[in-house]
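Below, each value reflects all heavy atoms present in this structure, side chains not excepted, and no hydrogens, waters or symmetry copies. All figures in this text were calculated on a predicted structure; none of them were measured in a lab. Indexing begins at 1, ligand by ligand and atom by atom, following the structure's order.
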Amino acid sequence: MPTSGEQQEAEPNHPTILHRDGSGSGTDAGDRSSPARQVWVPGPSGLATAACLKSRGVPSLVLEKDTCVASSWRHRTYERLRLHLPRCFCELPMAPFPAGTPAYPIRDQFVAYLDGYARAFGVEPRLGARVRAAAYDAGIGFWRVVAVDEGGGAAAEETEFVSRWLVVATGENAEPAWPEGVEGMEGYRGLVMHTSSYKNGDEFRGKNVLVVGCGNSGMEVSLDLCNNGARASMVVRDKLHVLPREILGISTFGLSMFLLRWLPIKRVDSLLLFFSRLILGDTEKYGLPRPKIGPLQMKSSTGKTPVLDIGALRKIKSGEIKVVPAINRFTGSNGVEFIDGHREDFDAVIFATGYKSNVPSWLKEEEFFSHVDGFPRKPFPHSWRGKNGLYAAGFTRKGLMGTSYDALRIAGDIADQWTEAFASPTAAHRSSDHGA
Ligand SMILES: Cc1cc2nc3c(=O)[nH]c(=O)nc-3n(C[C@H](O)[C@H](O)[C@H](O)COP(=O)(O)OP(=O)(O)OC[C@H]3O[C@@H](n4cnc5c(N)ncnc54)[C@H](O)[C@@H]3O)c2cc1C
Ligand SMILES: NC(=O)C1=CN([C@@H]2O[C@H](COP(=O)(O)OP(=O)(O)OC[C@H]3O[C@@H](n4cnc5c(N)ncnc54)[C@H](OP(=O)(O)O)[C@@H]3O)[C@@H](O)[C@H]2O)C=CC1
Ligand SMILES: O=C(O)C(=O)Cc1c[nH]c2ccccc12
């Protein structure tokens, strides 16, 4: 490894790497006539993009802040999680799930699939490299990406990567979202956690637990708590769509995709709601009123994912999961007061309040990515490509299917530029300077 403050020799299959110490004494890439030309990427979206690039003959470097691939799935999901879409909608490009994988893979199977994917395509991310900043340097026409090496050493070293293309694949769910400014929360003495840290119900057995939020995480964690002997109350502060995971033996998601080929989204929504009512009954009766706008229209216009029910609704109907309204304030050391005035003590509060993108915290660019929500400003199918070699993989609000779409398009687009660049005599000359 190069020492701090020194410039590393450009390697063949890597972007130009400039090391610098914490004081920021980075070397100036402008001094080099380097044609540094690769991409930077990290989870399923980063792996898929890197694999697609490789299959097109384009090398890349993947930066990952954690110490393993698929870290969101390994570390920020609960033990009994299953994919809620059938496996055919969760496959990454060029790699079907192994034979024998169930229709809805469990978490460990998905993690093993991602590990195998990285191995099969030879994607070896630089682990423990947290991107702190990235900005386009118009003077040299390259992206400068600064990563903190979080290898555990006392003094964190910074490395600057210079690359022609930058693929942002840090995910729609990069950071837990917590509600702000809830009165009295600082005085609460029970256990407080976010669903991203929830592993199983062991520590909650016999406890009174408040789950705040009723998306797929809130529903599934409430169900898991219930199945493990805890008493769960779930905050529902707004209208929501709950759909059965399957309709007439077909996955609701698969059926929706099929119907959307023939029918407008409004008609598909009407059909979904018709079948949901038949299968689940009137959810409003159980404190879960439906929005006026249909589930797929809602997903496409706001990004809000409908709940695909895997059993929580039955527990809500039976009263084992109690539906409660929004929190007004925390009171005393364990109390919570709700907006309807009722008050109750809880041993623990689990926030199932969703996630947010972390892009605004490190990407110095505001034309393509919004600094408000950290998503590309333009929705799918225009969310994958920005200017100056900037790309976004996995920001379509369409789950892993969106990831595959992005990875293929991005790799195709970069591969075309790559081929063009290296087909020209000047580029070939420059590339031989750097051993490519
Ligand atoms: C609980 C849960 C279940 C889901 N189930 C499904 C499902 O069944 N089907 C489906 O299609 N979709 C599902 N999704 C949605 C989505 O497909 C997944 O979140 C998927 O993991 C997204 O992949 P990603 O690579 O875009 O993001 P992530 O998996 O979050 O990967 C992003 C990676 O970037 C790293 N990173 C972040 N910031 C930095 C930084 N600054 N520097 C370096 N590295 C960084 C992270 O450590 C992480 O490893 C689910 C989401 C959640 C939260
Ligand atoms: N098995 C699987 O595959 C699973 C998949 N997922 C996926 O992971 C992603 C994230 O899901 P999830 O973690 O549920 O996040 P979501 O963003 O989907 O849901 C967050 C929930 O929290 C509520 N909320 C937010 N702030 C507050 C507040 N201050 N008070 C009360 N309620 C609040 C929201 O309500 P409101 O609508 O009123 O804002 C919403 O119900 C989704 O795409 C989901 O589909 C999640 C779990 C399991
Ligand atoms: O799990 C997710 O968050 C997804 O984004 C998958 C998904 C995309 N579109 C949907 C419509 C209904 C249910 C899940 C999804």
- Task: Would you mind listing every side-chain hydrogen bond (donor to acceptor under 3.5 Å, both in side chains) that reaches into residues 281-298, with sequence neighbours excluded?
- Result: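 Counting only pairs at least two positions apart or across chains, the side-chain hydrogen bond (donor to acceptor under 3.5 Å, both in side chains) contacts touching residues 281-298 are His241-Arg290.
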
Once rounded to the nearest 0.5 Å, what's the spacing between atom CZ of Arg231 and atom NZ of Lys322?
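The distance works out to 9.5 Å.
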
* Starting at CZ of Phe121, measure out to CG of Leu53 and round the result to the nearest 0.5 Å. =>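 Nearest 0.5 Å value for the CZ-CG distance: 12.0 Å.
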
Is the shortest distance from a heavy atom of Cys214 to ligand 2 less than 4.0 Å?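 In this structure, Cys214 qualifies as a contact of ligand 2 - some heavy atom is under 4.0 Å.
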
Which ligand 2 atoms, with their elements, are less than 4.0 angstrom from a heavy-atom of [X]?
X      : answer
Glu220 : 1 (N), 2 (C), 48 (C)
Leu81  : 1 (N), 2 (C), 4 (C), 48 (C)
Gly215 : 14 (O), 19 (O), 21 (C), 41 (O)
Pro179 : 29 (N)
Gly354 : 13 (O), 15 (O), 17 (O), 20 (C)
Val212 : 30 (N), 31 (C)

Would you call [X] a ligand 1 contact, heavy-atom distance under 4.0 Å?
X      : value
Trp73  : yes
Ala174 : no
Arg132 : no

Self-check item: Under 4.0 Å to a heavy atom of Gly399 - the qualifying atoms of ligand 3, by number
Solution: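 So the answer, numbered in order with elements, is 4 (C), 5 (O).
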
Give the atom numbers and elements of ligand 3 that come within less than 4.0 Å of a heavy atom of Leu85.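 Once the distances to Leu85 are compared, the set is 6 (C), 14 (C).
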
Heavy-atom nearest option to [atom], drawn from [options]:
atom                    : options                       : value
atom 27 (C) of ligand 2 : Leu308, Thr353, Val236        : Thr353
atom 5 (C) of ligand 2  : His84, Lys398, Lys356, Arg245 : His84
atom 36 (P) of ligand 2 : Met234, Arg237, Arg107        : Arg237
atom 10 (C) of ligand 1 : Asp406, Leu400, Leu63, Thr170 : Leu400

Which heavy atom of the protein is the closest neighbour of [atom], given with residue, atom name and distance?
atom                    : answer
atom 21 (C) of ligand 2 : Ala352 O, 3.3 Å
atom 1 (N) of ligand 2  : Arg82 O, 2.8 Å
atom 8 (C) of ligand 3  : Lys299 CE, 3.5 Å
atom 10 (C) of ligand 2 : Tyr355 CD1, 3.9 Å
atom 14 (C) of ligand 3 : Thr305 CG2, 3.5 Å
atom 11 (O) of ligand 2 : Ser217 OG, 3.7 Å
atom 37 (O) of ligand 2 : Lys304 NZ, 2.4 Å
atom 42 (C) of ligand 2 : Thr305 OG1, 3.8 Å
atom 6 (N) of ligand 2  : Asn216 CB, 3.8 Å
atom 12 (C) of ligand 3 : Pro306 CG, 3.5 Å
atom 23 (C) of ligand 2 : Gly213 CA, 3.7 Å

Considering only NZ, NE, NH1 and NH2 on the basic side and carboxylate oxygens on the acidic side, decide whether Arg76 and Asp66 come within less than 4.0 Å.
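A salt bridge links Arg76 with Asp66.
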
Margin query: Taking Arg385 first and then Asp413, would you say they form a salt bridge - that is, a charged N and a carboxylate O separated by under 4.0 Å?
Written below: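 Yes, charged N to carboxylate O under 4.0 Å.
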
_Heavy-atom side-chain proximity of Tyr104 to Leu85 below 4.5 angstrom_ =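 Result no, sub-4.5 Å side-chain heavy-atom pair not found.
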
Assess, by modelled atom type and distance only, whether the side chains of Ser251 and Arg245 contain a donor and an acceptor separated by less than 3.5 Å.
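No, no side-chain donor-acceptor pair sits under 3.5 Å.
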
_Phe253 N/O under 3.5 Å from ligand 3 N/O_ =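 Not met; the criterion fails.
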
### Task
Determine the interplanar angle of the Phe204 and Tyr198 rings, folded into 0 to 90°, and report it as parallel if under 30°, tilted if 30 to 60°, perpendicular if over 60°.
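Answer is parallel, since the angle falls under 30°.
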
(request) Anything under 30° is parallel, anything over 60° is perpendicular, the rest tilted; go ahead and classify Tyr113 against Tyr117. (result)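 Rings of Tyr113 and Tyr117: tilted, 30 to 60°.
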
Query - Ser383 side chain vs Pro379 backbone, donor-acceptor pair below 3.5 Å - result: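 Pair absent, no side-chain N/O of Ser383 close to backbone of Pro379.
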
Practice item. Flag the pair Phe89 / Phe253 as yes when their ring centroid distance falls below 6.0 Å, and as no otherwise. Key: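 Distance test on ring centres: under 6.0 Å, yes.
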
Does ligand 3 have an atom under 4.0 Å from some heavy atom of His84?
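Checking ligand 3 against His84, which is what was asked, there is a heavy-atom contact under 4.0 Å.
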
For atom 8 (O) of ligand 2, is some protein heavy-atom partner under 4.0 Å away?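 Within 4.0 Å of atom 8 (O) of ligand 2, no protein heavy atoms are found.
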
Single hit among Tyr405, Phe368, Phe369 for ring-ring contact (aromatic ring centres under 6.0 Å, His included) with Phe395 =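 Only match with Phe395 under ring-ring contact (aromatic ring centres under 6.0 Å, His included): Phe369.
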
Any N or O of His84 closer than 3.5 Å to N or O of ligand 1: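 Yes.
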
Can you sort out which atoms of ligand 1 are near Ala169, meaning under 4.0 Å from one of its heavy atoms?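 Listed by number with element: 32 (C), 34 (O).
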
